[in-house]
Amino acid sequence: MGKSLARGFWVVAIGGLMVLGLVLWGGPVYGRYQTRANEANKIQVNELLIQQTEQLVQVERQKAQIRIVDAEGIAKSQQIINATLTDRYLQHEAIQAQEQMANSPNHTTIYIPSGNNGIPLVKTVDEPVQPQEKSK
C-alpha cells in the first residue's frame with residue numbers, strides 16, 4: 001500500500017505540473033488574444049465614430065439647405081411685396097399707424113405729416129457742446 005500511495009502521489013504531482021504548464025503556456029496566448037480583441041474593438045469604435053461624424057455632417061447640410069430655402073422664400077416674398085408696394089399704400093399705412101398712436105392711452109405725442117407723401121419728418125437735434133472750464 002505504501003508503494004501505491006507514493007505512486008499515486010507522483011501521478012498527481014506530475015498531473016498537476018502538466019496542468020500548471022498548460023496554464024503558463026496558455027497565459028501569453030490569452031494575452032495576445034486579448035490584445036487582438038482590444039485592437040479589433042478600437043477599430044469598431046473608430047468606425048462607429050466615423051459613421052456618427054458623417055451623420056452629423058449630413059444633418060448640418062440639411063439644416064443649411066433649410067436655411068437656403070427659407071431665405072429664398074423670404075426673398076421671393078419681398079420681391080412680390082416690392083412689386084405691389086406703392087407710395088399711396090405706404091401713405092395709407094402711415095396714416096393708420098398715426099391714428100392708432102393718437103388713440104392710444106399711453107401715447108401723448110401726435111406726429112403731423114409734413115414730409116414727402118405725408119410721412120412725418122423725424123430728426124434728432126444734438127445738444128450744443130459746452131466748453132469745459134479750465135481748473136486753476
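The distance from the CD atom of Glu60 to the NZ atom of Lys63 is 4.5 Å, given to the nearest 0.5 Å. Note that OG1 of Thr53 is 10.5 Å distant from CG of Leu48, once rounded to the nearest 0.5 Å. Atom CG in Leu56 sits 10.5 Å away from atom CD in Glu54 (nearest 0.5 Å).
The salt bridge (Lys or Arg N to Asp or Glu O under 4.0 Å) check on Lys76 picks up nothing, with sequence neighbours excluded. Scanning for salt bridge (Lys or Arg N to Asp or Glu O under 4.0 Å) contacts around Glu72 gives an empty result, with sequence neighbours left out.
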Should Arg36 and Glu39 be marked as a salt bridge (Lys or Arg N to Asp or Glu O under 4.0 Å) after you check the CA-CA gap, both sets of side-chain angles, and the distance that decides it?
-> CA-CA 5 Å; Arg36 278 186 273 168; Glu39 294 303 318; over 6 Å; no
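Leu49 belongs to a hydrophobic cluster with Val45, counting contacts under 4.5 Å between side-chain heavy atoms of Ile, Leu, Val, Met, Phe, Trp and Tyr, direct or through other members.
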